Amino acid sequence: MSRTFLPGGMAVVATAILLFSIVAGCSTPAQDPLAAKWRVTVNGTTEKVLSIKDLEAFPAVNGHGYCVSTTGFRFGPYRCKGVDLRDIAATVGGIHPGQKVWVSAPDGYLWVFDYDQVEGRGFITFDENLRELPPPPLRIILMYEQDGKPVSYDDGGPARIAIISEKPGVITEGSAWVKWVDRIEIRD
Ligand SMILES: Nc1nc2c(c(=O)[nH]1)N[C@H]1C(S)=C(S)[C@@H](COP(=O)(O)O)O[C@H]1N2
Ligand SMILES: [Mo]
């Protein structure tokens, strides 16, 4: 490389500006390029399209999330922040007894929650040793922050399903933690 694109001094300044914008500008979910483009379509009796900014305007729910894959690999524990699925459903007519919520992602993955689960009941839970635990009250959230940071793409961000509890150490099945959520449907 005998010739550079920018004179040395300008390259240093450009790098400094770039680094500054990464540190200062892109740390909140809505400003992250992936998060800025992300939308979820919510379908019930009406339809709404929500952005991360829209999610941030809902009442925020915080809790402990911890899941395990079918192969026994554990993800977490995490501090999870997001929006209760019931609050999201409420914007398109709500969810009523007997209905189900279909949550899907661009890779074709789909998970269905029944009404009881949306109310936080009927999940199988485990303790740290993967022994089944009487399930405490749980909440399903569409999580946009994990451990105080935007959810990374690798972790299923910008928005992923998390099943959370008030106290830590409650493990749920990873298959329900839909990554890269882009569609939520309330169905009979
Ligand atoms: N969109 C999407 N979400 C998904 C999956 C998937 O394949 N696609 N796999 C699920 C399963 S089975 C598990 S155990 C957890 C963690 O899966 P990972 O090991 O692929 O991260 O994510 C869940 N969410
Ligand atoms: Mo899994």
Side-chain angles (χ1 to χ4, degrees), residues 29-30 32-44 47-52 54-56 58 61-89 92 95 100-133 135-136 138-165 168-187:
D32 171 73
L34 254 181
K37 271 192 246 141
W38 176 90
R39 296 291 183 274
V40 62
T41 302
V42 188
N43 183 274
E47 189 166 284
K48 282 240 167 77
V49 177
L50 304 175
S51 66
I52 292 288
D54 294 329
L55 291 188
E56 289 174 322
F58 281 88
V61 176
N62 291 278
H64 297 273
Y66 199 172
C67 69
V68 60
S69 75
T70 32
T71 53
F73 191 87
R74 272 166 248 191
F75 300 92
Y78 304 117
R79 291 281 314 165
C80 304
K81 179 179 177 181
V83 182
D84 193 303
L85 219 47
R86 287 169 293 191
D87 288 336
I88 294 175
V92 294
I95 165 146
K100 291 183 166 70
V101 182
W102 293 37
V103 181
S104 55
D107 65 340
Y109 196 79
L110 165 74
W111 198 258
V112 179
F113 297 100
D114 64 25
Y115 180 78
D116 256 24
Q117 292 176 321
V118 173
E119 291 290 316
R121 299 180 298 259
F123 285 101
I124 297 168
T125 54
F126 306 92
D127 67 15
E128 303 264 3
N129 303 310
L130 299 185
R131 269 192 282 270
E132 213 177 318
L133 190 83
L138 299 168
R139 290 178 92 158
I140 307 174
I141 63 168
L142 186 56
M143 166 174 68
Y144 56 79
E145 257 184 56
Q146 183 173 279
D147 293 333
K149 291 184 292 259
V151 186
S152 72
Y153 180 81
D154 284 349
D155 282 332
R160 178 190 200 167
I161 291 291
I163 298 159
I164 61 169
S165 55
V170 179
I171 299 180
T172 51
E173 290 175 287
S175 47
W177 289 53
V178 183
K179 299 184 278 190
W180 315 301
V181 172
D182 76 343
R183 193 167 176 87
I184 297 172
E185 285 180 65
I186 321 302
R187 297 221 192 173

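Whatever order the structure lists them in is the order used to number ligands and atoms, beginning at 1. The chain is numbered in sequence order, starting from 1. Only a predicted model underlies this, so the values are computations on that prediction, with no experimental measurement involved.
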[X] side chain to [Y] backbone, donor-acceptor under 3.5 Å:
{"X": "Tyr109", "Y": "Ser175", "answer": "yes"}
{"X": "Arg139", "Y": "Asp84", "answer": "no"}
{"X": "Asn129", "Y": "Arg131", "answer": "no"}
{"X": "Trp102", "Y": "Arg183", "answer": "no"}

- Item | Tyr109, Trp177, Phe73, Trp111: member with heavy atom nearest to atom 10 (C) of ligand 1 |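 Minimum heavy-atom distance to atom 10 (C) of ligand 1 goes to Tyr109.
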
- Message: Between Arg79 and Glu145 (salt bridge meaning N to carboxylate O under 4.0 Å), is one present in this structure?
- Response: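 Salt bridge between Arg79 and Glu145, a charged N being under 4.0 Å from a carboxylate O: no.
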
- Query: What protein heavy atom sits nearest atom 20 (O) of ligand 1, and how far away is it?
  - Reply: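 Of every protein heavy atom, Lys179 NZ, 2.7 Å lies nearest to atom 20 (O) of ligand 1.
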
- Query: Which residue and non-hydrogen atom of the protein lie closest to atom 15 (C) of ligand 1, and at what distance in Å?
  - Reply: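 Going by distance alone, atom 15 (C) of ligand 1 is nearest to Gly174 O, 3.3 Å.
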
- Task: Please work out whether any backbone atom (N, CA, C, O) or any side-chain heavy atom from C-beta onward of Ser69 is under 4.0 Å from ligand 1, and answer side chain, backbone, both or neither.
- Result: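 Ser69 to ligand 1: contacts from backbone and side chain alike.
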
- Task: Please verify whether a non-hydrogen atom of Phe75 lies at under 4.0 Å from ligand 1.
- Result: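 It does, in that a heavy atom of Phe75 comes within the 4.0 Å cut-off of ligand 1.
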
- Message: So, 4.0 Å and heavy atoms of Glu173: is ligand 1 close enough to count as a contact?
- Response: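 Under 4.0 Å: no for Glu173.
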
Ligand 1 to [X] polar contact by distance, N or O atoms, under 3.5 Å:
{"X": "Trp180", "value": "no"}
{"X": "Arg160", "value": "yes"}
{"X": "Asp107", "value": "yes"}

- Item | Parallel, tilted or perpendicular: ring planes of Tyr78 versus Trp177, cut at 30 and 60 degrees |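 Correct class here is tilted.
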
- Verify side chain to side chain contact (heavy atoms under 4.5 Å, CB included) between Phe113 and Ile140, making sure each step is shown before the conclusion. CA-CA 9 Å; Phe113 297 100; Ile140 307 174; 3.5 Å; yes

- Item | Val178 neighbourhood, listing ligand 1 atoms whose heavy-atom distance to it stays under 4.0 Å |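 Matching atoms, with element in brackets: 3 (N), 24 (N).
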
